[in-house]
Amino acid sequence: MRQAFAGGKVEFFGQSADLAEPARFDAWLQKFKQTKWVVYAKPPFGGPEEVLKYLARYTHSVAISSSRLVSMENGRVTFRWRDSRHSNRSTL
């Protein structure tokens, strides 16, 4: 987390915005050093077909409805999404 924060790859919004300040972020992380973490990591997907099967389960749900799917060309899937942080503008 510290590396991502230092590299500018972590953003904070709303009630968490004050964590963008390095001293506050560091103090916040200190709490988690005292927690015993148990990590469960699943094996990686079995390849592109398995990834598509996984994503296919979500095409008829709120997350990615069929109406949001734009195209599938050259192994790439394009879909529309709304950027809620920037006036809900529609994006590809």
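From a predicted model like this one, the values you see are computed outputs, not experimental measurements.
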Inspect the surroundings of CD in Gln30 and state if more than 12 heavy atoms from other residues, nucleotides or ligands are less than 6.0 Å away.
-> yes
Around atom OH of Tyr54, are there more than 12 heavy atoms of other residues, nucleotides or ligands at under 6.0 Å?
-> no
Is Met1 close to Phe32 at the side-chain level, that is, under 4.5 Å between some pair of heavy atoms?
-> no
Does Asp26 reach the side chain of Arg2, with side-chain heavy atoms less than 4.5 Å apart?
-> yes
Do you know which two heavy atoms are closest between Met72 and Val77, and how far apart they sit?
-> CG-CG2, 4.0 Å
Over all heavy atoms of both residues, which pair between Arg24 and Leu19 is shortest? Give the atoms and the distance, please.
-> O-CD2, 3.7 Å
When the ring planes of Phe12 and Trp28 are compared, do they come out parallel, tilted or perpendicular, using 30° and 60° as the limits?
-> perpendicular
For Arg80 and Arg68, indicate whether the former's side chain and the latter's backbone hold a donor-acceptor pair under 3.5 Å.
-> no
